[in-house]
**Q** 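Here you go, one structure.
Note on naming: letters A, B, ... go to the chains in the order of the sequence lines (proteins, then strands), and numbering restarts at 1 for each one.
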Amino acid sequence: MPAFSKIEKKWQKLWLKAGVYEPDLKSSSKGNKDPFYNLMMFPYPSAEGLHIGSVRTFTGVDIYGRLKRMQGFDTFEPIGLDGFGINSENYALKIGKHPMKLAKVTEKNFYRQLEMIGNGFAWNEKLETYDPEYYRWTQWVFVQMFKKGLAYRKKSPVNWCPSCKTVLADEQVVAGECERCGSKVEKKNLEQWFFKITDYAEQLLRDLEDLDWSEKVKIAQKNWIGRSEGYSIKFPLVGVPGQEDRKHVVEVFTTRPDTLFGATFIVISPELAKRWFDIGWQASGSVAKYVDEALMRRGRGQDSEAENEKTGVFSGINAINPANQEKIPVWIADYVLDTYGTGAIMAVPAHDERDFEFAKKFDLPIREVISPDGRDHDLRVSFTDRGVLINSGKFNGINNEVAKTEITDFAGGEKKVHYRLRDWLISRQRYWGPPIPMIFCEACRTAGKGERPEMPGWYAVQEKDLPVKLPFIKDYQPQGTGTSPLAKSKEFYKVKCPGCKADAKRETDVSDTFLDSSWYFFRYIDTKNKKAPFDRWRARKWLPVHMYIGGAEHAVLHLMYARFITKVFKNWGLINFDEPFKKFRAHGLITKDGAKMSKSRGNIVSPDEYIKKFGVDVMRVYLAFLAPFDQGGDFRDQGITGITRFLARVGKLESKLAKNSKEALDEGSEKLFHQTMKKVGEDIENLHYNTAISQLMVLLNKLETLPSVPWTVYENFLKMLAPFAPFLTEELWQKFKKAKSFKKQNSIHLQDWPKFDKNKIKEDRFNLVVQINGKVRATLDAPVGISEKDAEKLVFEDESIKKYFRPPGGGSPKKTIFVPNRLINFVV
RNA sequence: GCCCGGGUGGCGGAAUGGUAUACGCGAAGGACUUAAAAUCCUUUGCCCUAAAGGCUUGUGGGUUCGAGUCCCACCCCGGGCACCA
């Protein structure tokens with residue numbers, strides 16, 4: 001066994017035994033240390049184990065946590081497994097192993113690897129989302145959502161993945177494809193459970209402002225919520241068969257009411273047309289045919305493709321433009337989305353690209369009403385910029401921004417805000433998740449009874465009956481029938497109605513994995529609580545999370561859901577804050593040969609072989625040195641030798657230790673030493689691990705040239721390296737301190753972080769850069785604080801610079817720029 | 001199409017508007033060694049035999065005494081959103 005392996009094993013054991021990384025969760029008082037909750041996104045365990053990218057993320061999070069611990073914080077760095085969900089289940093299906101059994105295997109393997117990587121995890125608080133003691137509270141959350149009216153059932157067109165055989169939330173559909181398996185997502189009309197996240201759209205958007213988060217994640221959330229301020233305008237309908245004219249209206253949502261005079265037709269979505277059929281509109285055969293075909297295309301996921309030719313049909317109905325009383329046709333077309341606004345638009349071809357394209361194709365009138373110069377033009381493309389109104393009656397000549405409210409008022413419209421965000425679809429027709437803890441009673445439904453008036457027949461499982469355990473069933477394959485495999489298990493679904501005691505049926509769908517992970521950071525602080533999801537006093541001390549690090553790919557998924565659940569908890573009075581993560585930083589992605597690591601590409605790099613070959617410390621330092629933490633990069637093992645050398649040289653420094661503790665550094669080295677203490681601390685704080693390490697290398701290079709290394713320098717060097725290489729530094733530290741037996745408080749990882757002396761960083765001399773016309777011609781040694789006059793004198797005394805002046809050696813420069821303590825530039 | 005990142009030696013990368021290429025890898029030469037590995041020392045952006053000099057941060061402009069850094073236009077790579085009215 002290599003020496004490093006022995007050291008790793010030894011310290012893992014001793015740290016664990018001494019509880020070096022266990023914070024004081026029990027007491028609700030702060031004590032003499034401030035709490036620091038250092039959280040990483042917990043992994044979903046796959047059978048092939050951790051890959052190098054996750055190791056880089058986790059050790060990166062740990063480096064930060066170790067700095068905080070040494071800065072005197074009571075640091076809490078928990079770990080767990082997000083083991084429920086389609087991903088784990090799909091893998092189980094593939095290898096033909098039952099998910100429940102597979103979970104035990106992957107759990108073991110994952111924890112083995114997570115123990116190896118040298119993180120200061122608080123192992124006493126680990127959790128797994130598939131543990132009934134955990135998901136009992138996930139179900140509890142669902143029950144509360146139901147009781148408070150935030151969970152509801154609705155039949156609507158939902159995303160359906162034909163390969164995963166389940167519905168998906170909007171957030172899990174990426175470019176029309178299933179986030180998990182890449183299959184084309186279809187639309188199915190199904191009755192499903194939803195959470196009313198849209199109730200919180202405004203708050204979720206507003207509170208983004210003050211969050212200290214990676215900017216790109218904030219932007220992604222903002223765009224996802226998609227607040228759009230617009231106006232709603234009603235167009236009376238004429239020519240509806242069998243209906244009086246102007247009895248019905250079509251309501252449109254627009255952000256451009258200023259173009260109302262240019263609205264030359266109306267377009268409604270096929271879905272809206274279908275609803276009009278349902279309330280009695282008898283459309284012609286060709287219209288009905290178009291609607292059917294369009295809906296079918298949508299069902300196959302063929303809408304929303306920009307390259308698709310526009311299709312549509314005239315409905316036979318007309319509408320009255322409220323601005324000019326003009327009669328305009330109502331068209332049905334699938335370029336209008338039903339899920340946004342009202343499912344109907346006023347088409348202004350002159351000023352909207354899509355309307356323009358449609359008008360051209362179907363030869364509909366195009367009327368210019370906004371003009372950059374007040375004149376009419378022959379439009380070849382739509383004009384979407386600002387301008388003044390023309391062809392708009394009494395509004396001609398006014399600025400289009402001003403016209404927005406004026407025309408809205410004139411047409412009897414009103415201001416309206418729309419969001420792109422839609423409610424969170426929670427149901428999954430799969431096996432490997434927490435059963436949704438609801439009971440449905442047909443008798444009660446018929447009688448109009450139930451726990452909530454708006455949902456007759458539905459009852460939440462009582463708290464004392466939680467968890468509703470996921471049964472072990474042999475036949476766990478997804479069915480594709482729109483129901484979960486649990487629907488086949490009578491023992492599971494047969495239950496008495498909590499209301500009338502008649503035979504009733506359990507909900508057989510399970511909930512979305514993202515519900516499991518939306519609240520896990522609350523549970524970490526109190527994993528053994530059997531009375532509540534978490535203790536509110538502990539929450540007061542430990543939450544919100546101080547630092548959260550994870551992948552940016554969760555910007556609109558996990559991070560949005562966690563914020564939503566937190567806001568809900570706040571509303572319920574469980575907590576006194578409304579944002580879960582004070583600070584969030586996205587890490588970069590590690591690729592292999594330029595491609596994302598994935599099983600299908602076969603380019604997954606396993607950390608095991610590297611750890612075995614080079615040791616954990618080398619692995620950690622290398623991964624931190626490879627690229628800026630927030631950037632990521634391509635994994636190559638090329639540079640790893642450099643790190644092996646670096647750590648070996650650190651080990652050798654011991655032989656250079658000064659004979660007595662009084663010895664000090666020379667002035668130049670002393671300065672570098674203090675600069676290093678400053679920079680390493682600051683760099684870790686900013687997650688600039690690569691530059692922190694390079695600074696340590698610079699210092700080491702210097703120390704090696706010295707005849708001896710003073711004790712304090714050696715001590716502090718080890719401390720600065722400790723977050724990166726926890727094993728080696730602990731070993732060297734204990735040896736240096738000549739410790740007989742290991743005690744928690746003697747661990748290097750609980751020592752005070754080095755403090756630099758800012759007076760020692762001050763330079764008294766510097767390189768004065770001499771430029772002629774902006775080109776560097778010389779550098780001269782000069783005292784700090786030198787005046788412009790003295791600097792000039794210094795330059796003129798220097799032989800090598802004389803030739804640049806005109807005439808050489810004489811003449812005065814046209815201009816002199818002097819930057820104190822940096823440079824002097826002569827323009828000649 | 002829109003919104004974010006990013007483009008710097010052979011490679012990973014470093015640079016508050018002020019000495020571009022820190023640190024590391026690789027490469028070349030040398031020391032030690034019977035030899036190799038390891039280790040140590042030296043060199044290493046490009047052009048030029050060398051010196052002197054010149055050129056160089058995706059491309060082209062601009063601002064400035066001075067631009068990798070700021071502004072404008074464009075090209076390429078990565079990511080997100082995408083018929084959202």
**Q** Does Asp355(A) use its side chain to pair, donor to acceptor, with the backbone of Val348(A) at less than 3.5 Å?
**A**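 Answer holds: yes.
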
**Q** Nearest-Å distance, NE2 (His554(A)) to P (rG79(B))?
**A** 17 Å

**Q** Rounding to an integer number of Å, can you tell me how far Arg227(A) CZ sits from rC3(B) P?
**A** 21 Å

**Q** Does Ala782(A) have any side chain to side chain contact (heavy atoms under 4.5 Å, CB included) partners at least two apart in sequence or in another chain, and if so, which?
**A** Phe766(A), Leu768(A), Ile786(A), Leu794(A)

**Q** If the glycosidic angle sits within 90 degrees of zero it is syn, else anti. Tell me which applies to rG68(B).
**A** anti

**Q** Given the P atoms of rC76(B) and rG58(B), what is the spacing between them in whole Å?
**A** 16 Å

**Q** Between the main-chain N or O of Gly387(A) and the side-chain N or O of Asn400(A), is there a donor-acceptor pair closer than 3.5 Å?
**A** yes

**Q** Tabulated below should be each protein N or O lying under 3.5 Å from an N or O of nucleotides 63-69 of chain B; please produce it.
**A**
residue: rC65(B); atom: OP1; partner: Lys815(A); partner atom: NZ; Å: 3.2
residue: rC65(B); atom: O2'; partner: Asn825(A); partner atom: ND2; Å: 3.4
residue: rC65(B); atom: O2; partner: Asn825(A); partner atom: ND2; Å: 2.5

**Q** Inspect the contact between Arg298(A) and Glu186(A) and indicate whether a charged nitrogen and a carboxylate oxygen are less than 4.0 angstrom apart.
**A** no

**Q** Show me the donor-acceptor pairs within less than 3.5 Å that the side chains of residues 817-828 of chain A make with the rest of the protein, sequence neighbours left out.
**A**
residue: Asn821(A); atom: OD1; partner: Gly785(A); partner atom: N; Å: 2.7
residue: Asn825(A); atom: OD1; partner: Gly774(A); partner atom: N; Å: 3.1

**Q** What does Val336(A) touch in the nucleic acid at a heavy-atom separation under 4.0 angstrom: a base, only the sugar-phosphate, or nothing?
**A** base

**Q** At under 4.0 Å between heavy atoms, what does Arg422(A) touch on the DNA or RNA strands: base, sugar-phosphate, or nothing?
**A** nothing

**Q** Using only heavy-atom distances, determine whether the side chains of Tyr290(A) and Thr311(A) contain a donor-acceptor pair under 3.5 Å.
**A**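 Side-chain D/A pair, Tyr290(A) to Thr311(A): present.
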
**Q** Is it the case that the side chain of Ser382(A) and the backbone of Thr384(A) share a donor-acceptor pair, with hydrogens and angles ignored and the cut-off at 3.5 Å?
**A**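 Here the side-chain-to-backbone pair does not exist.
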
**Q** Using whole Å, what does the distance between atom C1' of nucleotide rA85(B) and atom CZ of Phe235(A) come to?
**A** 12 Å

**Q** Measuring only the C1' atom in each nucleotide, how far is rC11(B) from rU64(B)? A whole number of Å is fine.
**A**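 Straight-line distance between the two C1' atoms is 35 Å.
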
**Q** When you compare rU33(B) with rA28(B), how far apart are their P atoms, in angstrom units rounded to a whole number?
**A**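 Those two atoms are separated by 23 Å.
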
**Q** Pairs in or reaching into residues 689-702 of chain A: which pass side-chain hydrogen bond (donor to acceptor under 3.5 Å, both in side chains), with residues at least two apart or in two chains?
**A** Arg649(A)-Asn701(A), Thr676(A)-Gln695(A), Asp683(A)-Thr691(A)

**Q** Starting at atom CG of Asn821(A), determine the distance to atom C1' of rU19(B), rounded to an integer number of angstrom.
**A**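 Going from CG in Asn821(A) over to C1' in rU19(B) covers 15 Å.
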
**Q** Using heavy-atom distances to pick each residue's nearest nucleotide on RNA chain B, tell me which of Lys216(A) and Ala220(A) is more 5'.
**A** Lys216(A)

**Q** Over how many whole Å does the gap from Lys678(A) atom NZ to rU16(B) atom C1' extend?
**A**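 Lys678(A) atom NZ is separated from rU16(B) atom C1' by 11 Å.
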
**Q** Scan residues 253-267 of chain A against RNA chain B and write down, sorted by residue number, each residue with any heavy atom closer than 4.0 Å; if none is found, say none.
**A**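 The answer is Phe253(A), Thr254(A), Thr255(A).
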
**Q** Please list, chain by chain and in numerical order, all residues satisfying side chain to side chain contact (heavy atoms under 4.5 Å, CB included) with Ile219(A), sequence neighbours excluded.
**A**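 For Ile219(A) the side chain to side chain contact (heavy atoms under 4.5 Å, CB included) partners, ignoring immediate neighbours, are Glu215(A), Asn223(A).
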
**Q** Quick one: does NZ or CZ of Lys310(A) land under 6.0 Å from the six-membered ring centre of Phe358(A), within 45 degrees of the ring axis?
**A**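 The answer is no; the distance or angle limit is not met.
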
**Q** Applying ring-ring contact (aromatic ring centres under 6.0 Å, His included), can you list everything that pairs with Trp213(A), at least two apart in sequence or on another chain?
**A** Phe584(A)

**Q** Write down the distance separating the P atoms in rC47(B) and rU42(B), rounded off to the nearest Å.
**A**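 Straight-line distance between the two P atoms is 24 Å.
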
**Q** Taking the P atom in each of rG29(B) and rC77(B), what is the distance between them to the nearest angstrom?
**A**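 Looking at atom P only, rG29(B) and rC77(B) are 39 Å apart.
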
**Q** Which whole number of Å gives the distance between the P atom of rA36(B) and that of rG68(B)?
**A**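 rA36(B) and rG68(B) have their P atoms separated by 46 Å.
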
**Q** Using the C1' atom in both, what is the distance from rA27(B) to rC72(B), to the nearest Å?
**A** 42 Å

**Q** Nearest-Å distance, CG (Leu272(A)) to P (rA85(B))?
**A** 18 Å

**Q** Taking only N and O in the side chain of Thr644(A), is any of them less than 4.0 Å away from OP1 or OP2 of rG24(B)?
**A**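 Thr644(A) to rG24(B) OP1/OP2: no side-chain N or O under 4.0 Å.
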
**Q** Mind checking the C1' distance from rA31(B) to rA22(B)? Whole angstroms is fine.
**A**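 Here rA31(B) and rA22(B) have their C1' atoms 28 Å from each other.
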
**Q** Does this structure show an ion pair linking Glu209(A) with Lys218(A), if we count only N-O contacts that are shorter than 4.0 Å?
**A** no

**Q** I'd like to know if the side chain of Arg620(A) reaches the main chain of Phe724(A), judged simply by a donor and an acceptor atom lying under 3.5 Å from each other, with no hydrogens or angles considered.
**A** yes

**Q** May I ask you to verify if any side-chain N or O of Arg645(A) is less than 4.0 angstrom from the OP1 or OP2 atom of rG24(B)?
**A** no

**Q** Within a 6.0 Å radius of atom NZ on Lys361(A), are there more than 12 heavy atoms belonging to other residues, nucleotides or ligands?
**A**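 Buried by this count: over 12 neighbours within 6.0 Å.
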
**Q** Give a yes/no answer on whether the side chain of Thr641(A) brings an N or O atom under 4.0 Å of OP1 or OP2 in rG24(B).
**A**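 False: Thr641(A) side-chain N/O out of range (4.0 Å or more) of rG24(B) OP1/OP2.
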
**Q** Using Watson-Crick and G-U wobble pairs with both distances under 3.5 Å, what is the 5'-to-3' dot-bracket string of RNA chain B, with [ ] for crossing pairs and | for pairs outside the strand?
**A** (((((((..(((.....[....)))((((((.......))))))(((.....)))..(((((..]....))))))))))))....

**Q** Looking at rC83(B), does its base get a donor-acceptor pair with the side chain of Lys310(A) below 3.5 Å?
**A**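 By the distance-only test, yes, there is a pair.
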
**Q** Just jot down the side chain to side chain contact (heavy atoms under 4.5 Å, CB included) partners of Asp781(A), sequence neighbours excluded, or say none.
**A** Arg765(A)

**Q** Which letters describe nucleotides 7-15 of chain B, given B = protein heavy atom under 4.0 Å from base, S = only from sugar-phosphate, - = neither?
**A** ----SBSS-

**Q** Only counting residues at least two apart or in another chain, list the ones meeting side chain to side chain contact (heavy atoms under 4.5 Å, CB included) with Glu251(A).
**A** Ser232(A), Lys234(A), Thr342(A), Lys416(A)

**Q** Can you tell me how far P of rA82(B) sits from CZ of Arg420(A), to the nearest Å?
**A** 5 Å

**Q** Determine whether a donor-acceptor pair (N or O, by modelled atom type, separation under 3.5 Å) exists between the side chain of His418(A) and the backbone of Glu229(A).
**A** no

**Q** Is there a residue in residues 696-705 of chain A whose heavy atoms reach under 4.0 Å of RNA chain B, and which residues are they?
**A** Met697(A), Val698(A), Asn701(A)

**Q** Kindly say whether Val217(A) contributes a backbone atom to a donor-acceptor pair with the side chain of Ser214(A) at under 3.5 angstrom?
**A** no

**Q** Using a heavy-atom cut-off of under 4.0 Å over every strand shown, decide if Arg649(A) touches base, sugar-phosphate, or nothing.
**A**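 Contact class for Arg649(A): sugar-phosphate only.
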
**Q** rA22(B) C1' sits how many Å from Leu672(A) CG, rounded?
**A** 12 Å

